[in-house]
Q: 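Here it is, the structure, as structure tokens.
Numbers restart at 1 for each chain; the letters A, B, ... are given by sequence-line order, proteins then strands.
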Amino acid sequence: MELTVRISGAQGEGVESAGRLTALVFSRLGYHVFAYRQYASIIKGNPTMFYQIRVSDSKIYSHGRWGSYDVLVALNKNALAAHEDKATYVIYDSADRATPKGKGEVPVPLTDLALKAGNKIMRNTVAIGALLGLLGVGLGPLADLIRAEFGEKGEKIAEQNIQAAQMGLDAAQKLAGIKAEFAKRGEPKVLMSGAEALAIGSLLSGMRLYVAYPMTPASPIMHFLAEVGPKFGAAVVQAEDEIAAINMTIGAAYAGVRAATGTSGGGFDLMHEGLGLAAMIETPVVVFLSQRGGPSTGLPTETEQSDLLMSLSPSHGEYPHVVIAPYTIEDGLYAAAKAFNIAEKYQVPVIVATDLYFNEALTTIDDVDWSKFKIERGELVTSPVVWEEYKRYKLTETGVSPRTIPGVPGGMHIATSDEHDERGDVITDRHVPELRKAMHEKRLRKLKAIEEDMAAPVVAGSAGTSMALLAWGSTAMPILDLLSVRRDLSAVIFRDIYPLNKEAAAKALGGVKLIDVEVNHEGQLALYLKRELGVDVDRKVLKWWGEPFSVDELMELV
Amino acid sequence: MKVVYRAIWDLPVEELFASGHRACAGCGPAIAMRWITKAAGPNTIVVNATGCMEVTTTQYPETAWMLPYLHVAFENAAAAASGIEAAIRTLSAKGLWRAGKTNVIVIAGDGGTYDIGLQALSGMLERGHHVLYILYDNEAYMNTGIQRSGATPKYAWTTTTPVGKAIRGKVQEKKDIMGIVMAHRVPYAATATIANLLDMTNKIKTALEYTEEGPTFLHILAPCPPGWRYPEELTVEMARLAVETGYFPLYEYDHGKVRLNPPTSQIAADPKRKKPLRDWLKLQGRFAHLTDAEIAELEREVAANLAYLSALAKAFS
């Protein structure tokens, strides 16, 4: 059983809350849900933004189709005209079109019924009521959600909304009858966005400070943490810019707490210098890089995967760091856990790369693998050391040295951005090539050690196919859905990207023809793998105009 | 302040900020833009920082600006304007600038001014560029989803200053941006609101005239319906009440002299004329959680600020 609903209207017209409520209703009924919204960089306007909600009784990873959907809910004329041709059923305001043009049209007096219920603003609630009526869902779960949202204080408003939904439901059923039966399927499922997964994963990993500056699509991580973080002992600071954000994060991490920052491309540009500092003073920080269409302001509210090459080498100079890209929203939880562990174990900055599609999509999460949240703090020294002997940047085989935090007796040292010796003393007042050589090699040696902690790429789909799709990050989500219908294909998905586990990667890529699927213009993953392994891809399927791949689109393209 | 406009029918008729932009209904900043461009006139170059007034007016392939317009990045509007002004000066020295006296105006929101753009603003003021910097203050990052800024008042709810038992909205006070600018000893700086039209437009004229000498600055309060959470038809009323309750005093710094402007000057002289701060707070969803004690605290801060400005005006009259 599967269903795709598209709710469209102007920004500020209530599409956002209607979409979220619909997704929540089905998750409460125990269905697998995936919801994604397309919108523009304005607060109000853009008459045709939409929320697409996909519901299924089996596990799904993406919004599914672009080409068709079962029901369209159009809140205005423009939205109706823009989206109706792909829908089987269309719910719209009867004031927008007097006589239905075709089959499947369900004109409901949205405005009139909302006014009757008490306020025009509830048009979207009437529309959800109509949708649920058509789908045979009933109002129970929606009423619970509305009551919870408005709380005791808003009891009157809640009841008015429920009444509005009831009128919508009655009107739709009277007009069109019940077209499907979505009964309760099981226990309610947890619905979360990618941004929330990253935030929750971070809290579960013991993060105690999150510092950021607003930037779409990373802001939702900060919003969620500002609300929820303090309950779990995590402080949230909104800094005056991204430069301050990363440097505050470095300061906190240096002082011994797990700390992270998050931004998108433009803000990440400003963080480069800080990233180099963290690597030089060997301080573990985690940076959530949420990509959007670039360069410059680019497409602020649309998705893209074009910062991979930048994430491989931000900041000047050579230094060790790590890039991890979660490939499903659930994996966002684990990627955060891994990022903090790797950062502390190797005392390096770790970039967790996602994108707008990942951060803003909502999906149901089934089982959480709690074993992935073991906190590993590496060479952290908290008991007293002998200062005369203590070397904060001791030359070791792995490159990792014992790290003290401020307050550890004897652990005093200099942490400096200048090149330094094993004790941290600045060596730039003279020319000492041997020391520079040893310290630079020590830091870069960590990459070799980290490589062993980098997982093999995820190989999904049927075994023994001759053709495999190559992907990273959120593009894996529609690909995973595609593989459930295309048995002739498999996929190699890169999650632990840099440093590359070369042996495992070469093994996964051997013996198949590769189609590179990415949301950028250059095929950046393919370029990277060519550089690292000399692997050639057979074909590139690329997209760079602000929307993620869909399953139906991939069906045709590959 | 030089009084160029004595009554509203003296105000320019020509529109240079086109309708059809994508700002919200009841947008305070959009009102400010309309009157800034009218007062400045067509021989003006606008440099816009990232913010509401940038994203809602420049939806490709359209623009609301019937003036030369430049947007570079979030943090560097003042730096970009410095470059334009320096270019005009150089071209003029070479006899290649034929447009006559051209205004260079920065238009930046509070995020782009109080926070990420402060460094560039300070540099521009220090170097003494002949630029008018206009801060339209809607007291948070509204365009990216209502995050707090250095301009957000204490106790206000935003998405990054949530309200609970321990934290009651924003923890810190609003930064004294005028104080920061005045400390650069610029020729002219003033506060204004979109509700006090003649005061605002005359200040724009004055500030533009003084750019002959160096950088000038205007701090314009521009209320935001979705961010402050009030019905959109109350925008002008919100700005008016902000002044009448003493929350947002109108004053100017003119060559080292500080002068309170009406109605702030009358309120400062006779506190009985001041409306209770509660009248303004209660209209806004962002302050809906405030207790009587918290309102009393904010009221005391308003009184203290008025006393401070009165003392400044007395000392530097």
Q: For Leu70(B), I'd like to know if atom CG has over 12 heavy atoms of other residues, nucleotides or ligands within 6.0 Å.
A: yes
Q: Using heavy-atom distances under 4.5 Å, tell me whether Leu270(A) contacts chain B through its side chain, its backbone, both, or neither.
A: side chain
Q: Heavy-atom distances under 4.5 Å only: say whether Phe74(B) touches chain A with side chain, backbone, both or neither.
A: side chain
Q: Out of Ile167(B), Thr160(B), Val163(B), which one racks up the most heavy-atom pairs below 4.5 Å with chain A?
A: Thr160(B)
Q: Give a yes or no on whether a salt bridge exists between Asp110(B) and Lys174(B), defined as a side-chain N under 4.0 angstrom from a carboxylate O.
A: no
Q: Does Arg286(B) make a cation-pi contact with Trp228(B), if we ask for NZ or CZ under 6.0 Å from the ring centre and within 45° of the axis?
A: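 Here Arg286(B) passes the 6.0 Å and 45° test against Trp228(B).
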Q: Please test Glu360(A) against Arg292(A) for salt bridge (charged side-chain N to carboxylate O under 4.0 Å, His left out), starting from the C-alpha separation and ending with a verdict.
A: CA-CA 11 Å; Glu360(A) 297 192 350; Arg292(A) 66 189 208 189; over 6 Å; no
Q: Checking heavy atoms, do the side chain of Tyr213(A), its backbone, both or neither come under 4.5 Å from chain B?
A: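 Interface part for Tyr213(A): side chain.
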